[in-house]
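Data block below; observations after.
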Amino acid sequence: MNAIPAAKHDPVAPLRREWTRLTAAQRISRWLVWLVIVAAVAWAVRSIDIIPEFLEDAPEQMADLLVRMWPPDIAHYYPAVHDALIETLHIATLGTVFCFTLAVPLALMAARNICPIRPLNTLAQLGLVASRSVNSLVWALLFVAIFGPGAAAGVFAIAFRSVGFVGKLLSEALEETDHGPREALRAAGASWGGEMLKGVWPQVQPAFWGIALFRWDINVRESAVLGLVGAGGIGLVLDDAINFFQWERVATVLLAILAVVLLAEVIVTRIRARLL
Amino acid sequence: MSASMTASAPAAGLASALEIRGLVKEYVAGKPVLRGVDLAVPAEGITAIIGPSGTGKSTLIRCINRLVEPTRGSIKLHGEELTGLSGRGLRLARRRIGMVFQEYNLVERLSVMENVLSGRLGYVPLWRAWLRKYPAADIERAFMLLDAVGLPEHATRRADALSGGQRQRVGIARALMQRPDILLADEPTSSLDPRTAVEVLELLTRLTAAEGVPVIINIHNVDLAKRYARRIVGMSGGSVIFDGPPEQLETHHLRAIYGGEDWM
């Protein structure tokens with residue numbers, strides 16, 4: 001068990017093969033990545049201009065706000081908050097349903113194994129990215145300009161923001177399908193529609209419902225803020241309460257949103273667990 | 001190899017169901033996988049194609065139902081040329097050609113019954129398949145075939161709940177559901193254990209004989225090929241180098257087909 005004296009000549013040393021996980025170049029590039037991350041953080045912190053006085057009394061301000069919010073104005077819940085909450089759920093649901101009319105064709109076009117025409121794949125992917133790159137609040141601003149303020153603008157904002165998300169996940173699910181069953185149906189003389197219906201759809205079905213529920217869950221949360229830009233829903237009530245410094249009402253609205261989001265999450269998780 | 005080897009083949013007197021002439025397939029231009037295959041498949045019995053991996057057996061079978069597009073040559077099913085077909089014509093031809101796959105290729109999340117019925121997709125309008133309103137005669141036949149392959153009590157189970165052997169039985173039932181003029185089997189037993197492989201081949205032989213459907217089967221196991229086939233086609237390097245009854249397949253043929261002899 002003694003260590004071999006270092007000075008002693010080792011005749012097999014030239015035959016020993018050395019092993020290191022990374023080559024020198026890989027090691028250097030890893031260090032460079034870390035360096036870039038640190039530099040980026042340092043740069044970001046310097047550029048956001050934190051005012052130390054504001055940072056210092058932030059806990060105090062927070063405590064003050066919480067005190068003003070307590071107790072929540074429960075009497076305000078019905079009917080004002082309640083109706084707005086229901087409208088929010090309607091916006092989320094209609095927006096999700098509507099988004100699928102656009103997302104399904106785009107997903108089929110974007111999936112390389114379904115649509116063999118490369119330029120169409122790229123075009124569809126471009127459409128999906130465009131939808132995702134615009135925040136739902138921005139979509140809402142656009143649709144408020146078109147439809148005027150109200151829930152209709154909210155529904156369209158939710159739908160157009162969801163298309164990119166749903167379409168991308170759906171096209172990925174389509175691309176992951178096994179080619180074998182489709183080939184078997186083709187060999188039996190099935191048409192393209194038959195292949196899709198009996199070969200592809202059964203394979204993507206769980207993903208499809210999973211994505212739909214997941215997106216609905218997200219949309220419930222997203223549609224809660226759309227009112228801030230006038231696109232209907234509970235955000236409108238929240239905005240009013242904040243503008244008039246009615247912090248007890250703000251608390252009621254926030255609690256109502258929290259309750260609905262929690263409920264949506266529980267329901268969606270339950271259903272998704274049963275899907276597979 | 002020599003012309004005399006292949007000349008012994010054409011089963012005397014029997015009209016052939018399938019005639020292949022000068023079939024060439026090049027996936028990459030100038031590098032043919034099939035180098036002018038000529039083959040006449042008799043109207044009944046099993047024709048086994050043997051040969052080393054990568055010699056084009058699978059390509060040959062897939063050229064017949066055009067899952068692979070042949071580069072040159074002619075393929076005639078009961079006199080009808082298949083190579084020029086497209087669109088609806090191709091679909092109508094495909095539904096007369098059944099196929100059984102090595103990996104079964106069932107739709108895992110559908111029931112056994114629906115998998116068998118999907119063999120009718122070439123015949124049944126799409127709305128019927130969608131609403132699962134298959135004609136009563138089809139359902140009757142599907143039950144009959146499930147009885148025949150020995151899975152009558154599994155009709156409502158999901159395909160992914162079955163074992164490999166059971167899945168291949170469903171695959172055979174699905175292919176026969178087409179009432180095909182010919183059945184292609186691409187390594188149907190390669191994913192099965194030896195005993196199940198024999199059972200599946202036994203079943204395939206019995207059912208296709210009962211329905212009068214000729215079978216072309218790609219198979220790695222030479223002993224099984226000799227046991228079940230009426231005729232053996234040996235391929236090597238993209239060409240047919242042996243074509244004759246199993247009794248005539250001798251050691252020197254196998255040496256020519258597979259190369260070397262250490263494995264024998």
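What you see is a predicted model; the values in this text were computed from it and never measured. Naming convention: chains lettered A, B, ... in sequence-line order (proteins, then strands); numbering from 1 in each chain.
For residues 203-216 of chain B, every residue pair satisfying the side chain to side chain donor-acceptor pair (under 3.5 Å) rule, not counting sequence neighbours, is listed here: B:R141-B:E211. Identified under the side chain to side chain donor-acceptor pair (under 3.5 Å) test for residues 121-132 of chain B, with sequence neighbours left out: B:E114-B:R132.
When heavy atoms are compared at a cutoff of 4.5 Å, A:E195 does not approach chain B at all. In this structure, no portion of B:R88 lies under 4.5 Å from any heavy atom of chain A. For a residue to count as touching a neighbouring chain, one of its non-hydrogen atoms must lie under 4.5 Å from one of that chain's; by this rule B:I97 touches chain A with the backbone only. For a residue to count as touching a neighbouring chain, one of its non-hydrogen atoms must lie under 4.5 Å from one of that chain's; by this rule B:E103 does not touch chain A. Neither the backbone nor the side chain of B:R120 comes within less than 4.5 Å of any heavy atom in chain A. Using a 4.5 Å cut-off between heavy atoms, B:L106 contacts chain A through its backbone alone, with no side-chain atom that close.
With a 6.0 Å radius and a threshold of 12 heavy atoms from other residues, nucleotides or ligands, A:E175 has its CD atom above the threshold. The number of heavy atoms from other shown groups lying within 6.0 Å of CZ (A:F214) does not exceed 12. Residue A:K168 places its NZ atom among 12 or fewer non-hydrogen atoms of other residues, nucleotides or ligands, all under 6.0 Å distant. Other residues, nucleotides and ligands contribute at most 12 non-hydrogen atoms within 6.0 Å of the CZ atom of A:R30. Atom CZ of A:R27 has more than 12 heavy atoms from other residues, nucleotides or ligands within 6.0 Å. The local environment of OH in B:Y27 is crowded, with over 12 non-hydrogen atoms from other residues, nucleotides or ligands closer than 6.0 Å.
Note that the CG atom of B:L110 and the CH2 atom of A:W201 stand 11.5 Å from one another [nearest 0.5 Å]. Here the straight-line distance linking atom CD of A:Q203 with atom CZ of B:R109 works out to 9.5 Å at 0.5 Å rounding.
Although no hydrogens or angles enter the test, the distance criterion places a donor-acceptor pair under 3.5 Å between the side chain of A:K198 and the main chain of B:A129.
Closest approach of B:V107 to A:G199, counting heavy atoms only: CG2-CA, 4.4 Å.
Taking 4.5 Å as the heavy-atom cut-off, none of the residues of residues 101-127 of chain A approach chain B. At a heavy-atom cut-off of under 4.5 Å, chain B is reached by A:G180, A:P181, A:E183, A:A184, A:L185, A:R186, A:A187, A:A188 from residues 179-188 of chain A, listed in order of number.
Between chain A and the residues B:L67, B:L184, B:L90, the most heavy-atom pairs under 4.5 angstrom are made by B:L67.
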